[in-house]
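Some notes on the structure that comes next.
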Amino acid sequence: MRVCIVCPYGIDFPGGVWNHISNLSNQLKIKKIDHLIITPESKNKPGRYDNIYQIGKPYNIKSGGSIAPITLSPFISNKVKNILNTYNPDIVHIHEPFAGSLPMFFLNHSKSKIVTTFHSNNGTQLYRFGLSKLFNILEKKIDERIVVSESAKKYIKKHFKQKYTIIPNGINSEIYKTNLIKTKNNSNKLKILFIGREDKRKGLKYLMNALKNNNFNFPVKLTIIGHKLSPQNIGNIEIVNPGVVDEQTKINLLQDSDILCAPSLENESFGIILLEAMVSSTVIIASNIEGYNSVVTNNENGLLIHPRNPKEIFDAINTVYFNKNLKEKIKANGLKFVKEYDWNIISDRIIDIYLKSKNKSN
């Protein structure tokens with residue numbers, strides 16, 4: 001079986017969709033499934049991936065409160081046809097099929113079975129302008145439809161009332177086990193980690209306000225990764241901001257932190273970083289929003305707070321520091337919860353969809 005995986009976003013701007021595709025690719029390699037990944041062009045080399053083919057220059061487009069680097073070129077049609085004819089895949093797996101011209105050309109030209117994955121719970125603004133009706137012809141070419149969460153399903157069904165299979169994002173547990181470092185107990189300083197791009201919807205300012213406007217009776221260190229800020233000073237709180245880091249550094253920071261704070265405001269369809277925190281035995285403080293509250297149960301495998309509420313963030317940080325029993329309970333429940341999200345299991349479910357699609361009669 002040959003699979004062509006289409007990623008609409010440039011890999012110079014990593015995010016949840018690329019994380020998903022990268023991990024899926026690793027599993028397909030392990031399971032000896034021939035596959036090719038198609039992305040827009042990137043400035044940086046795709047690193048360890050030797051099966052990436054790039055088509056079309058990406059442009060940064062505002063989408064769902066974030067920035068999406070997608071290609072809008074109308075001139076890539078022949079390149080898409082060429083790769084389809086040359087590679088001749090059994091399955092074309094398109095992620096976010098209406099995010100730019102690259103996935104839509106694959107939808108239009110493919111004669112293979114088509115599987116799609118919808119990740120967003122607040123996708124392209126074209127839907128809002130009623131242009132989803134123009135996508136109906138392309139949408140009808142899809143054989144199987146995957147969504148990563150209930151909130152993503154709820155969103156896309158507003159526009160395309162079809163049957164969807166929920167297959168969530170996964171976690172590569174083995175990487176975390178192999179690279180396990182435990183320094184959490186070697187310091188009396190509470191270590192808080194924030195991971196996110198420079199998007200207002202990620203809610204970093206509310207975490208910063210919680211630290212600025214309240215006094216802690218213990219030392220605190222905040223590490224911010226995902227984007228670079230101008231220098232920040234908050235009293236005696238240590239702030240470290242290395243910017244965008246590689247995957248190994250992110251894993252090390254997750255495992256070294258006591259708390260992952262995810263104070264997002266909206267538009268989170270799943271939250272893969274929450275699973276990564278659980279497998280790292282790092283306590284989650286997250287906003288009680290769609291996407292996050294399908295992963296985190298308050299006082300069970302994390303703490304949920306209302307978005308835009310610095311006081312609740314402050315109280316939750318104190319709870320983690322002073323309530324040792326609750327902290328250990330949350331960590332233990334998180335490790336149990338994340339077992340069902342291992343990429344080995346998640347990839348088998350996606351492969352089952354490939355086989356189901358492949359065996360469908362035309």
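Every heavy atom of this structure was used, including side-chain atoms; hydrogens, water molecules and symmetry mates were not.
For residues 233-256, no pair satisfies ring pair (Phe, Tyr, Trp, His ring centres under 6.0 Å), with sequence neighbours left out. Annotation: side chain to side chain donor-acceptor pair (under 3.5 Å) contacts involving residues 313-324, sequence neighbours excluded, comprise K311-D315.
Residue E238 places its CD atom among more than 12 non-hydrogen atoms of other residues, nucleotides or ligands, all under 6.0 Å distant. A 6.0 Å sphere centred on CG of D246 holds more than 12 heavy atoms belonging to other residues, nucleotides or ligands. Surrounding NZ of K31 are more than 12 heavy atoms belonging to other residues, nucleotides or ligands, all under 6.0 Å away. Residue-environment remark: NZ (K79) stays at or below the threshold of 12 foreign heavy atoms within 6.0 Å.
K141 places a side-chain N or O within 3.5 Å of a backbone atom of L107 that can act as its donor or acceptor partner. The closest donor-acceptor contact from the side chain of R2 to the backbone of N88 lies under 3.5 Å. For the pair N301 (side chain) and N333 (backbone), a donor-acceptor distance under 3.5 Å is absent. With hydrogens and angles disregarded, no donor-acceptor distance shorter than 3.5 Å links the side chain of W343 to the backbone of N172. Between the side chain of T249 and the backbone N or O of V245 there is no donor-acceptor pair closer than 3.5 Å. Side-chain atoms of T71 do not come within 3.5 Å of backbone N or O of L102 as any donor-acceptor pair. At least one donor-acceptor pair under 3.5 Å links the side chain of E96 to the backbone N or O of S120. Checking side-chain atoms of Q54 against main-chain N and O of I38 turns up no donor-acceptor pair under 3.5 Å. When atom types are taken as modelled, the side chain of T282 and the backbone of S257 share a donor-acceptor pair closer than 3.5 angstrom. A donor-acceptor distance shorter than 3.5 angstrom exists from the side chain of N241 to the backbone of I224, with no hydrogens or angles considered.
By the salt bridge (Lys or Arg N to Asp or Glu O under 4.0 Å) test, E150 pairs with no residue at all, sequence neighbours left out. Listed by chain and residue number, nothing satisfies the ring pair (Phe, Tyr, Trp, His ring centres under 6.0 Å) test with H35 (two or more places apart in sequence, or in another chain). K329 pairs by the salt bridge (Lys or Arg N to Asp or Glu O under 4.0 Å) definition with E300, not counting sequence neighbours. Residues forming a side-chain contact (heavy atoms from CB on, under 4.5 Å) with P219 (at least two apart in sequence, or on another chain): N188, K189.
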Yes or no on ring-ring contact (aromatic ring centres under 6.0 Å, His included) for F337 and Y341, after CA distance, side-chain angles and deciding distance? CA-CA 8 Å; F337 180 86; Y341 290 85; 5.1 Å; yes
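Ring pair F218/F322: centre-to-centre distance below 6.0 Å. In this structure, H95 has its ring center no closer than 6.0 Å to that of W18.
Below 30°, between 30° and 60°, or above 60°: for Y155 and H159 the angle between ring planes is above 60°, a perpendicular geometry. Using a 30° and 60° split on the angle between ring planes, F135 and F98 fall in the parallel class, below 30°.
Between F105 and K81, every side-chain heavy-atom pair lies at or beyond the 4.5 Å cut-off. By the 4.5 Å heavy-atom criterion applied to side chains, Y53 and Y87 are not counted as neighbours. Residues I225 and V244 are not in side-chain contact: their nearest non-hydrogen atoms beyond the backbone lie 4.5 Å or more apart. In this structure the side chain of V92 reaches within 4.5 angstrom of the side chain of L84, judged on heavy atoms.
Ion pairing between a basic and an acidic side chain is recognised when a charged N comes within 4.0 Å of a carboxylate O; K113 and E144 show no such pairing. For the pair R201 and E268, the salt-bridge criterion is met [side-chain N within less than 4.0 Å of a carboxylate O]. A salt bridge between D143 and K356 is absent, with no side-chain N of the basic residue lying under 4.0 Å from a carboxylate O of the acidic one.
Rounded to the nearest 0.5 angstrom, S73 OG and E41 CD are separated by 9.0 Å. Between the CG atom in N82 and the OG atom in S77 there is a gap of 11.0 Å [rounded to 0.5 Å]. Taking NZ from K153 and NZ from K163, the interatomic distance works out to 9.5 Å, rounded to the nearest 0.5 Å.
Side-chain contact of S287 with H306: a donor-acceptor pair under 3.5 Å is absent, judged by distance alone. The closest side-chain donor-acceptor pair between N23 and N19 falls under 3.5 angstrom. In this model, no donor atom of one side chain and acceptor atom of the other lie less than 3.5 Å apart for K111 and N85. Side-chain polar atoms of T39 and Y9 form no donor-acceptor pair below 3.5 angstrom.
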